[in-house]
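These notes are about the structure you will find just below.
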Amino acid sequence: MSVLYVDDEPMNLMLFNINFKKKYNVITALSGEEGLEKLSENPKILVVISDMKMPGMNGIEFISQAKKSYPNIIFYILTGYDITPEIAQALKDKLINHYFSKPFNIDEIEQSISMSIGRQI
Amino acid sequence: MIYSKPYTSSKTAVIVAIVTAIVIILLFAYLGINQRKLIYNDSKLLAQEISRKAAVETEKYFVSALVVAQSVKYQLVTLHDLKGSRSNVRSILQNGLMQNNDFLAVWTLWEPNAFDGKDYLYIKDSTYNDAGSLGIGYFHYNHSVYTEVMTIADYLGPHYLAPKESRRDIITEPYRFVYSGYKYVFYGTSVSVPVIINNEFVGAVGIDIDLDNLSKKLNSIRPYNTGFLSLITNKGRIVTHKDSALVNKNIFEFITSTNSVVYNAVVNGQEAAVETVSEFSGQRVFRFFYPIVLSPDIEPWSMMVEIPVKTASMRSTQVTVVAFGILLLGFFFIVFLIFNLFDRKRIDSKINKALAEAELQSEQANVNAHNYQEIFNSTSEAIFIHDAQSGRILDVNAAMLQMYGYTSKDEVKGYTIANFSSNVEHFTDDKATSLIQDVVENGVKFFEWQAKKRDGELFWVEVALRSSRIGGDNRILAVVRDITERKKVEEELKQSQERYKTLIETSHDGISLMDLSGVMLFVNARKAEMVGADSADVLIGENAFNLLTPESRAFVESQMPIMMEQGFVENLQAEVLRFDGTTFSAEFNINILNDSHGNPLYIMDTMRDITDRKSAINAIEQSERKYRELSELLPQVVWEADMNARFTYSNKMGLELFGYTQDELNSGISILDVIIPEDRERAASNIKDLLFNNIVNADAEYTGLRKDGTTFPIEIYTSVILSQNNPVGFRGITIDVSERKEAQRALRESEEKYRTLMENLNEVIMMVDNDDRVQFVNHKFTEKLGYSYDEIIGKIGYEVLLSEEDKIKIINANKDRLDKVISQYEATFISKSGERIEFLISGAPIINNKGVTVGSIGALMDITERKKAEKALHESQQLFEILALMAPVGIFRTTSSGYTTYVNPKWTELSGLTIEEAQGDGWLNAVHPDDRESIQNGWKKKTDNSEKSIAEYRFVRNDGSIVWVLGNALPEIVDGEVKGYIGTITNITDLKKAQEEIAKSEKKFRDMANLLPQTIWEADINGQITYTNNNGFQYLGYDYEDFKAGINMLSLIVPEDRERALENIRHRYRDEKSVGEEYTALRKDGSTYPVQIFTSPIMENGRPVGMRGISIDITESKKAQKELQESEERYRTIIEAFPDVIMISDTNGNVIFANEAFERLTGIKPEDYNNPNRGARIHPEDNPLVRNEIQALLNSNRTRTGIIENRFIDNDGHIHWFSGIISKLTLNNEVFLQTITRDITEKKQIEKELERHRNSLEILVKERTEELETALENLRDAQRKLIHSEKMASLGVLAAGIAHEINNPLNFIQGGISALKTYIHDELPEHVDNTEPLVNAVQEGIRRSADIVQSLNRYSRKEDFPRTLCNMNSIIESCLVMLNSQTKNKISIVKEFYHSPLDITCNEGQIHQAFLNIIANAVHAIEHSGTITIKTSHNGNTVRVAVTDTGCGISKENLTRITDPFFTTKEPGKGTGLGLSITYNIIAEHNGTIEFESEVGKGTSVSVILPINS
């Protein structure tokens, strides 16, 4: 299963890849724009996890745009911020399935993904 | 109130502001710039002067040393010249030293043999040196003078060599030296002068100066306290300095920034002043240098003075501060003025508003004062106003005067409580004084008191004492209620227990207590006695039912279920079986006694022997029956009817007469139903007149209608039944007048018949009365004599009609008539036209039914022709024959002995006999057997005596019918001899029959009259009593003899009433109906009694002939009426004047009766009594209370409730407080409720008012100054906004930013360590054991950091963020994390969290902030160590969080203010005073509550209750 992780910190991308590569085919992008590119290149991506605060598009802006083209993909936000009204609204609109706080909890993310996938399948 | 609008000119304020600004700026310029500089320079000069003075003093010191040295030198030179001895040298030196104590030593040292050339002599002398040269000195030490031997070494010292070489006076550089034999090392300098003799240096004289001492001296001079002096040599060496460590050091070592000024000053001995930073103190200083010049030869030393600028210029600094202070003050003042200007308008309007409000309040206060005065005067409780100090009474109300029996307030004023107390034990003046004292200290006191009235009577009162300030004076207000009654009740209650025991044992009733099966547990002696037992013990254990006869037992057992259900049975009658087998009637009252749970426990009965009562009742019943039967026997119809004219009673006669049964009557028959429809309207109108207008119409005749439809004439006499002056119905007598009517009709017919007969007779008939007045003439008369009826009726017959010669004859004949003589005679009448007509007149008396002659009747036969012609006789006889044949009356003729010879056809018709059968005595066969003998004898007797005969007798005809006849027979006298008799018989059957009927009726009435309990009487036209019934005699005390002698009816009433009676009689004659006039009757013995007399005139022939009436003794009813009236009047007056409400209502709440106070207080008018929807009602909140009380009263056998206090809304919607009692009232077997209640609204208001006065000012302020609250609310709002914008904006953004920035690196660490852990696990499994603790430690670090960051995040959540579901326990956890640094190692946190998560809907950020504040306060309250306990709990829809600390606590006065904004007890800068205010607002926004409990020194507990869904 392919998972796209978008974060403007290369360090985060690296660490995410290392921690999850055994379970998922991790694809990374440094910005929302690159994320969109990666999505078009990899039609097998089922899950997208995005940081919130990024230069250019922020996480929610990126996801809203991606959701239009890929309505079946499951989107998550992984953020260092606390829940913001924007995230709350996204949750309410079912734009994202969940939001994770940094520092990430591997088990939480895995469980969440497997549950969502299970539900979707 | 008059007030003027406060006015302040803003112009003035502006001018003041500008002027102030200018003055302040000028003042600042003057002080701060100009004066400061001057003062600064002054200070500098002053410092310089002080320095100079110190320098001069030092200079003087050195100069004096030089002078002394030179003086010694000259003395020694002189001594040398004079070849003086060495001892002289010694004394000179000694003198020099002694005279100058300031110097350390004085010495001289000479070149070898220079003094006396005898050095060798002194080589061995210990007082000289080894060479024996003159070198001696003296020095001070410890106040003694010691000799010093100047050694060889001294020749090499600077003090000697320097003057030797320079041959000038010198002052040595400071050096250290010792004196021989003394260990003390001196630090000093020497002033040495060379001794030059003959231009040759021979020695030196010197003065040693102790620089330590000088230093001490100089150091003691501290200009401006912190300044110091320092002596410096011309080489720059420091001689003295406040820092001794610097002594001997060179000044130029320190003064780094050497400049020429300092150098020149020190080296060249020049005066100098510099301002610099001191190298010694580091302060900015003024530094002065002064040269100390000893002589022109000696290079001067310098005195350096340092004065800190700060202290020297202290004054100028102060001036600066003052100037700035003034400037600031002025600035503030200007700002204040400007603000003041802007504020003024607002304040002005506020003041005006406040003034208007004040006026309103003042008016209200006046109204209140007036109301209080009213209350004071009108309350039913006594009120005293005491002076608190003296205890004297200042004022009382009217109720007090009434209660204590005084008439005016002046009597009471100045008295003390002692005058109103019983003064017996417990109620003495001392006790009262102590109570009053207590009230003055503690406020309010309630107690009972034994009071004394003016007449000394003691009574109980309840007193409410209250201390109050009236008009600035301490007053005691005593409200006194008379509780004598209550006391009495209490006393009675107390005694009743005792009494019951006695009562039960001495009771006339048998009393027993039994269990529920009837087994007797207790029996009193009386019961035992009643049933014939030897003692009560015999009965105990027996079943009570065994004491009843079998029938009664069955009956009582049938009553048991009812008894068990309602708890009691009353007046149960049963037959009781005595031990000896006899029985008696008893009445039982049985009660079920319940235990405390309301379950039946015992049965208690009282048994009363009612044998006597039963027999009494029987007697009354019999009597009643007797009277009722009597009433039923009455021949008239006697009845009563209600207001709707429906019969409520009729005697048997009535039912029989109208053909109805009693049941039909009961089901409702109206008076109108028993009269024919045509009469009903008239009857109804008469009834209406009677009932509503009290008019009795004479119209009493109606046609009655029987049930079967037949009709008959009746007369109805009615009177109104009054109850309490109101008509409730009417009663009457109905008389069947068919018979009377019939008789009248018969009479009328008869009269008609006769009249017709008379009028149609061919014979002239005339009738005259006893005065010969013509009463009647027939038609023939008018024909014959030409007079019309009008011309002759009423005239004296003989005067009009007769010639003079016949007049006498007629008068005499008519006189004979009085003796009932019938006669025939001839007379000559003169007609109107004057024609003479001869008449044969048959005259007969007219005899009334009493047998009295009332006139004469004459039948006139014109015999003019007979007289004229002989043959006229025969014709006449023939004529007679014809007359007889034709006559409508029976005519007969007899012989003189009475044998009938002739009867006419009419006679045969009447008798039923033929003419033949009537012959002789045959006619007697037709006479009724009962009459026959008397008629025969009577007729025989008459005929024997030739007398005329009149008789009434009956014929019995063949068909059996009876005919009454009046026989009239006159002797036929011819020439004085009786030839026979001629007679007529007239049918009087009808008349007779009517007479009989009337006689029968009369007897009936007479008998009845005699039976009647009233007096019935008749009087003639003159008032003479002609008849009275038996009762009349009895009542009036007259007997029959008196009656016969004649009694006038007016003599039967008292003289005062007679005029009125006459007047009333006149009314009666005018046919006005009597309504029963009341008189005072007068008995024969002179005693009197009240009567009511109904009268009616007796009419005969349309003329009144007398009066009849009924007199009713109304003594009893008068008395009763009077008593009733008095009683009613009394009660009515009391009830109407009663100040409290008295109301009687039925159990459905309809008002039956109420007094005046009722309408006055409730506004309910009588027409609204039964209106369930009326506005006035019991206050809805108190309604259940009153209902329950009434229900409880109705369900119990109590007669009244306790005092009920309730609110009542009157008709105008005002609320009253009522205090009253409801009693059960049984009227006509129906239960009513009587309410007596008092309006205590004003009392309540006073209480409330007093209560309010007692309460803190805060409440008053809250109530009255809404503005303030609004302002406070605005402030809170503003503050909330402030908090939001300032604190949240900055701190929140900051926190969020920090959180993000930390979370990212934390993410690296987390990701890194996770990856590392996996790596080790996978690649280096043998290292897992060693690395795992390390990895865990890192992860723990990450977790904690993340917790802190998350807490920061929570704190920063925006207020307008939507409310979410948050766990209260985790919010508190995160608060604790944030405060961890402050609590660690100091405070132990005890968490008593609810076992499961407490999720509430809230703004998490706000709630977090609120609890952070609360817990932070708890932390701050603990100074060193302590415990904070946090307990969360769950109760229904709320969550409770209690934070308890063991800190310093909060004082009571501060506790009420801690939520005020900006209130803090922390030191300035440590707390904003906003924390709890914010907390309070947040909790309030969440609809929660926050409470504080605290005790100084023990700690504080804060509990917050929040709804789960706010």
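Below, chain A is the first sequence line, B the second, and so on; all start at residue 1.
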Contact list (residues 11-33 of chain A to chain B, heavy-atom gap under 4.5 Å, by number) returns A:Met11, A:Asn12, A:Leu15, A:Ile18, A:Asn19, A:Lys22

Passes side-chain hydrogen bond (donor to acceptor under 3.5 Å, both in side chains), B:Thr1432 versus B:Asn1369? Steps please.
CA-CA 7 Å; B:Thr1432 61; B:Asn1369 289 345; 3.0 Å; yes

Would you please say whether a donor-acceptor pair under 3.5 Å links the side chains of B:Asn1413 and B:Thr1479? yes

Check: How about A:Tyr70 and A:Asn72: does a side-chain donor come under 3.5 Å of a side-chain acceptor?
Finding: no

Those residues of residues 1321-1340 of chain B that come under 4.5 Å of chain A on a heavy-atom basis, listed by number, are B:Asp1322

ask   = Is any side-chain N of the basic residue among A:Lys102 and A:Asp51 closer than 4.0 Å to the acidic one's carboxylate O?
value = yes

Which of B:Asp1399, B:Ile1508, B:Leu1506 passes side chain to side chain contact (heavy atoms under 4.5 Å, CB included) with B:Met1368? It is B:Leu1506

Heavy atoms of B:Ile1505 and B:Arg1440 approach each other most closely as CG1-CG, 3.9 Å

Between A:Glu110 and A:Ser114, do the side chains contain an N or O donor and an N or O acceptor separated by less than 3.5 Å? no

Query - Proximity of A:Tyr99 and A:Tyr76 rings by center, below 6.0 Å - result: no

ask   = Hey, would you say the B:Tyr1394 and B:His1434 ring centroids sit under 6.0 Å apart?
value = yes

